[in-house]
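Quick note: numbers below take in every heavy atom, side chains included, and nothing from hydrogens, waters or symmetry partners.
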Amino acid sequence: MGGSNQTAVTEYVLLGLCGHRNLEMVLFVLCLGIYSVNVLGNALLIGLNVLDSRLHSPMYFFLSNLSFIDICGSSSFVPLMLVHFLVAQRTISFPGCALQSYLTLALGCTECLLLAVMAYDRYVAICQPLRYPELMSGQMCMQMALLSWGTGFGNSLLHSILTWSLHFCGHNVINHFFCEYLAVLKLACGDISLNVLLTMVATAVMSLAPFLLICLSYFFILDAIIRVPSAAGGRKAFSTCSAHLTVVMIFYGTISFMYFKPKAKDSDLDKIIALFYGVVTPSLNPIIYSLRNAEVKAAARALLRGDLLSRKMSLPLR
């Protein structure tokens, strides 16, 4: 009996928007353009943080980590998805699907934690400025970044081990653009109660707890800004937080809409919303930080003039 029901799956079929060829062609052009903006924009932010000594601070260190997450997160599934938009055979190998599911979940969790760390950085900078060098030292920043990455990837590893140890009974058609964790879990034909429980706990720890920490940090930040005597001083203090706050609102707003909205009758709508979260949201971060941050804009102008590169090349000659 187990022989027929436990057929080993060697590859998966990704449905995407099967039956909507014209829409897929439109999505191919849009996703290719947005993905290019994502990679180039976030790579530019990382490059500016490396080249410009004025950006060698904890806030920009964490921003570089966030940019790297955005590049890796999109790159884990967008290139293959673009290929599938153009071809009829939309398959992915078992190891490829497992890796894709692992990376997307790990990087998503890491981003949640990193956004909370960035909120804490802004809290210390505004509410405890005299202790900022002590509380946000280079060693402490490195430890917080490593803890965020390690926790995110460790959580995803646990999910992956429990998921891929399930029996799938030969089911290999995934109703999504990529091997999204929940879409893969739906294929299991055994008891998934432990996986569901772990997902609920992980959501509370990895998503809700960082969000509450972010809210708490900004509560104290706003309280400190209100106490600033001059309006100009308050605006200057809040301007250092506005970009991060905008990114948080977009990130959690998209997640909330995706997972807490009523279930759509057409599953294609849910897939397009997930596509927006995975492709569009990461490309917005460099745009937001470029428009709302004077230091990043100044560094970009210096790069265009060639000042940054000439300054960097002249350092070893001193």
Quiz item: How far apart are the C-alpha atoms of M136 and F61, what are their side-chain angles, what is the distance that settles it, and do they pass the side chain to side chain contact (heavy atoms under 4.5 Å, CB included) test?
Solution: CA-CA 11 Å; M136 299 303 296; F61 168 74; over 6 Å; no
Quiz item: Taking it one step at a time, do C179 and L14 satisfy side chain to side chain contact (heavy atoms under 4.5 Å, CB included)?
Solution: CA-CA 8 Å; C179 291; L14 299 169; 4.1 Å; yes
Exercise. Verify side chain to side chain contact (heavy atoms under 4.5 Å, CB included) between I174 and K186, making sure each step is shown before the conclusion.
Key: CA-CA 9 Å; I174 298 176; K186 289 178 182 178; over 6 Å; no
Exercise. Verify side chain to side chain contact (heavy atoms under 4.5 Å, CB included) between L185 and L166, making sure each step is shown before the conclusion.
Key: CA-CA 9 Å; L185 197 59; L166 293 170; 3.7 Å; yes
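Rounding to the nearest 0.5 angstrom, the gap separating the CD1 atom in I69 from the OG atom in S148 is 7.5 Å. Note that CG of L82 and CZ of F177 are 11.0 Å apart. Values are rounded to the nearest 0.5 Å. Between the CD1 atom of I71 and the OG atom of S283 there is a distance of 12.0 Å, given to the nearest 0.5 Å. In this structure, the separation between CG on N22 and CD on E24 is 9.5 Å, given to the nearest 0.5 Å. We find the OH-CD1 distance between Y218 and I225 to be 9.0 Å, quoted to the nearest 0.5 Å. If you take CG on L275 and CG on L27, they are separated by 6.0 Å, rounding to the nearest 0.5 Å.
Contact detail for Y102 and S156: the closest heavy-atom pair is O-OG, 2.7 Å. Closest non-hydrogen pair, Y252 versus P210, comes out as OH-CB, 3.7 Å. Nearest heavy atom pair, residue N155 against residue M206, reads CB-CE, 3.5 Å. The nearest pair of heavy atoms linking G152 to L113 is N-CD1, 4.1 Å. Scanning all heavy atoms of the two residues, the minimum distance from L48 to L55 falls at O-CD1, 3.7 Å. The nearest pair of heavy atoms linking C141 to F62 is O-CE2, 3.6 Å.
N172 places a side-chain N or O within donor-acceptor distance of the main-chain N or O of E11, the cut-off being under 3.5 Å. Panel note: side chain N49, backbone L45; a donor-acceptor pair is recorded below 3.5 Å. Without hydrogens or angle criteria, Q128 side chain to R131 main chain gives no donor-acceptor distance under 3.5 Å. A side-chain donor-acceptor contact under 3.5 Å links Q100 to the backbone of S76. Judged by distance alone, with hydrogens and angles left aside, the side-chain atoms of D223 form no donor-acceptor pair with the main-chain N or O of F219 at under 3.5 Å. A donor-acceptor contact shorter than 3.5 Å is absent between the side chain of S101 and the backbone of C97. A donor-acceptor pair under 3.5 Å is absent between the side-chain atoms of H176 and the main chain of G16, judged by distance alone. D121 contributes no side-chain N or O that, together with a main-chain N or O of V117, makes up a donor-acceptor pair within less than 3.5 Å.
Other residues, nucleotides and ligands contribute over 12 non-hydrogen atoms within 6.0 Å of the CZ atom of F153. Surrounding CE of M25 are more than 12 heavy atoms belonging to other residues, nucleotides or ligands, all under 6.0 Å away.
For the side-chain hydrogen bond (donor to acceptor under 3.5 Å, both in side chains) test with S67, the passing option among N38, N42, N285 is N42; the others fail.
Ring pair Y181/H159 is perpendicular by interplanar angle, where above 60° counts as perpendicular and below 30° as parallel. Between Y12 and W164, the ring-plane angle classifies as perpendicular under the 30° and 60° cut-offs.
Under the 4.5 Å side-chain contact rule for hydrophobic residues, Y60 and L146 share a cluster. Hydrophobic cluster membership is shared by F68 and M144, with clusters built from Ile, Leu, Val, Met, Phe, Trp and Tyr side chains linked at under 4.5 angstrom. When the side chains of ILVMFWY residues are joined at heavy-atom separations under 4.5 Å, either directly or via intervening members, I250 and L30 end up in two distinct hydrophobic clusters. Residues V26 and I34 do not share a hydrophobic cluster, defined by chaining ILVMFWY side chains whose heavy atoms lie under 4.5 Å apart. L212 and F220 are members of different hydrophobic clusters when ILVMFWY side chains are connected at heavy-atom separations under 4.5 Å.
Side-chain contact check for F178 versus L80: every heavy-atom pair is 4.5 Å or farther apart. Side-chain atoms of I126 and C241, non-hydrogen and from C-beta on, do get closer than 4.5 Å to each other. Using a 4.5 Å heavy-atom threshold, the side chains of R90 and V83 count as separate. Here the side chains of L44 and L40 are not in contact, with every heavy-atom distance at 4.5 Å or above. Residues Y35 and S75 form a side-chain contact, since some pair of their non-hydrogen atoms from C-beta on lies under 4.5 Å apart.
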